[in-house]
2 protein chains.
Amino acid sequence: MPQTELSFTEENYLKAIYHLSVGGTQAVSTNAISDRLQTKPASASDMVKRLARKKLLQYEKYQGANISPEGIKLALKVIRKHRLWEVFLVEKLNFNWDEVHEIAEQLEHIRSPLLIRRLDEFLGFPKHDPHGDPIPDENGSVSTRPRKPLSDLHDGESGDFLAVKDTSSSFLQYLDKLDIQLGANIRVMEKVEFDDSMKICLNDKKELYISAQVASNLYVSKN
Amino acid sequence: MPQTELSFTEENYLKAIYHLSVGGTQAVSTNAISDRLQTKPASASDMVKRLARKKLLQYEKYQGANISPEGIKLALKVIRKHRLWEVFLVEKLNFNWDEVHEIAEQLEHIRSPLLIRRLDEFLGFPKHDPHGDPIPDENGSVSTRPRKPLSDLHDGESGDFLAVKDTSSSFLQYLDKLDIQLGANIRVMEKVEFDDSMKICLNDKKELYISAQVASNLYVSKN
DNA sequence: ATCCTATTTTAGATGATCCTAAAATTATTT
DNA sequence: AAATAATTTTAGGATCATCTAAAATAGGAT
Ligand SMILES: [Mn+2]
Ligand SMILES: [Mn+2]
Ligand SMILES: [Mn+2]
Ligand SMILES: [Mn+2]
């Protein structure tokens with residue numbers, strides 16, 4: 001029996017815990033959770049207990065939380081909705097990629113399986129959101145494209161710009177200013193030993209310099 | 001200074017009170033409110049006090065609530081969103097008119113003025129929702145089309161079907177079955193004295209019988 | 001092994017929203 | 001006008017989500 005529906009807050013915590021889990025191998029600390037959600041550790045502690053009671057994660061005092069398969073399933077449902085709505089906002093309502101996150105944070109909690117199916121169809125079953133992140137399918141499968149930070153490339157190597165790591169408005173707007181768009185081919189012309197900044201070439205046309213920090217926040221395809 | 005944003009619950013109460021206000025001349029009772037929202041009178045009593053504190057309505061103990069101009073403005077904002085989303089669901093996502101209300105009840109609370117402006121534009125600035133109800137503009141003006149219940153028409157008179165009064169799924173589905181669609185021209189062929197049922201003609205083509213109850217829930221234009 | 005510090009949990013409070021049961025008020029009938 | 005019925009409010013309590021401050025624990029440094 002699936003328990004009663006999660007509240008918006010529970011969904012937000014679960015999603016945060018999911019995001020903190022992927023990649024990392026150890027349990028997620030309550031501090032990390034409260035940090036991410038802009039709440040206090042005490043609140044995260046309470047919530048983790050609640051989610052554990054609902055079997056969405058394992059939790060032992062002082063040992064952090066481990067999201068369960070059931071928890072992952074629910075988190076991916078919310079993430080699927082978030083990303084589909086982001087596509088809608090950009091593709092259909094002409095929002096810029098730096099404007100959609102806040103609104104999607106709200107829309108991701110709308111409950112209607114049929115709505116999401118129809119939205120998916122309306123959008124042409126997109127595989128990635130405006131930031132290049134994969135959209136989980138109805139069953140919670142996430143397609144992973146092999147990728148690595150641009151900063152890992154060496155002189156002469158190139159890759160396609162697949163996704164951003166940092167999705168902050170300021171970073172996305174800076175990329176706009178530099179005319180660096182998702183899908184562009186990026187070739188490393190020169191990597192500066194001293195500070196890891198690089199000269200890159202976009203689509204074999206436009207050359208520009210970017211800092212190591214920028215480079216580390218751009219994911220490119222592994223060719 | 002506009003006070004801090006309303007909660008979903010406050011918005012729902014305010015909208016209910018607005019709907020109960022229009023047409024009626026006297027104050028809205030807490031019983032009527034709790035009835036409409038499927039809560040208890042005690043809860044409505046609490047909420048009415050809260051909304052009065054926020055100047056969204058006048059309220060005197062035992063005397064019911066009167067929504068204020070400020071309250072009306074906020075209620076209409078929510079109603080505008082509700083109806084725009086209903087249009088979106090029907091026009092873009094191919095929902096039937098009987099399926100959209102529940103989902104719009106959720107979507108109406110999404111906060112983003114820009115989103116609503118863009119949605120309005122995307123939909124081509126619709127003037128009415130799928131049930132024929134007018135969509136308030138950004139300033140809260142509601143265009144009213146002169147209309148009356150079909151049951152008020154006499155033999156030989158006709159009008160265009162502008163809106164439904166009852167928006168329940170069962171009524172809307174029944175109209176679908178009878179092939180009675182918004183915009184259709186309806187002519188009264190014969191009104192039965194005995195039970196006020198009538199024989200009508202749709203678009204000068206199809207004749208059928210409808211009960212007085214059905215007729216009283218169809219609004220037609222006053223020619 | 002002990003101490004110190006950083007992390008984490010608990011205790012206790014608050015506000016929002018809801019409820020049930022009892023009290024107060026208003027409306028209707030005799 | 002008094003009695004009765006219906007409506008409405010209050011009292012008191014539950015749950016959720018949050019906080020602050022204090023207590024407990026863990027992990028690293030001496
Ligand atoms: Mn986002
Ligand atoms: Mn995204
Ligand atoms: Mn509706
Ligand atoms: Mn409607």
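Residue numbers start from 1 in every chain, and the chains themselves are labelled A, B, ... in the order their sequence lines are given, proteins ahead of strands. All of these numbers come straight from a predicted model, not from anything done at the bench.
- Counting to the nearest Å, the P atom of C/dA6 and the CG atom of A/D35 are 15 Å from each other.
- Annotation: of the two residues near DNA chain D, A/M47 and A/K61, the 5′-most nearest-nucleotide partner is A/M47.
- Checking side-chain atoms of B/T30 against main-chain N and O of B/P41 turns up no donor-acceptor pair under 3.5 Å.
- A cation-pi arrangement, defined by a distance under 6.0 Å to the six-membered ring centre and an angle within 45 degrees of its axis, is absent between A/K49 and A/Y59.
- Side-chain proximity of A/K49 to the nucleotides D/dT10, D/dT8, C/dT10 is greatest for C/dT10.
- Between the P atom of D/dT9 and the CD atom of B/E60 lies a distance of 11 Å, rounded to the nearest Å.
- Ring geometry for B/W97 against B/H131 counts as parallel: the plane angle stays under 30°, on a 0 to 90° scale with 60° as the upper cut.
- Comparing atom distances between the A/N31 side chain and each of C/dT7, C/dT9, D/dT9 picks out C/dT7 as nearest.
- Look at B/S29 and you'll find a side-chain N or O under 4.0 angstrom from OP1 or OP2 of D/dT8.
- Ranking D/dT18, C/dT10, C/dT20 by closeness to the A/Y13 side chain, first place goes to D/dT18.
- Rounded to an integer number of Å, the gap from A/Y59 OH to D/dT25 C1' is 12 Å.
- What separates CG of A/D46 from P of C/dT8 is a distance of 15 Å, to the nearest Å.
- Between the CD atom of A/E5 and the P atom of D/dT15 there is a distance of 20 Å, given to the nearest Å.
- Checking D/dT10, C/dT25, D/dC19 against the side-chain heavy atoms of B/Y62 singles out C/dT25 as nearest.
- A close approach under 4.0 Å does occur between a side-chain nitrogen or oxygen of A/S43 and OP1 or OP2 of D/dC19.
- Between the CD atom of A/Q63 and the C1' atom of D/dT25 there is a distance of 10 Å, rounded to whole Å.
- For B/A42, taking side-chain heavy atoms from C-beta onward, the closest of the listed nucleotides C/dT7, C/dT9, D/dA11 is D/dA11.
- Under 4.0 angstrom from either OP1 or OP2 of D/dT9 there lies at least one side-chain N or O belonging to B/T30.
- Separating the CD1 atom of B/I33 from the C1' atom of D/dT8 is a distance of 11 Å, rounded to the nearest angstrom.
- Ring geometry for B/W85 versus A/W85: interplanar angle over 60°, hence perpendicular rather than tilted (30 to 60°).
- Only one option out of A/R80, A/K81, A/K127 pairs with A/D120 in a salt bridge (charged side-chain N to carboxylate O under 4.0 Å, His left out); it is A/R80.
- One can place CG of B/L51 at 13 Å from C1' of C/dA16, the figure rounded to the nearest angstrom.
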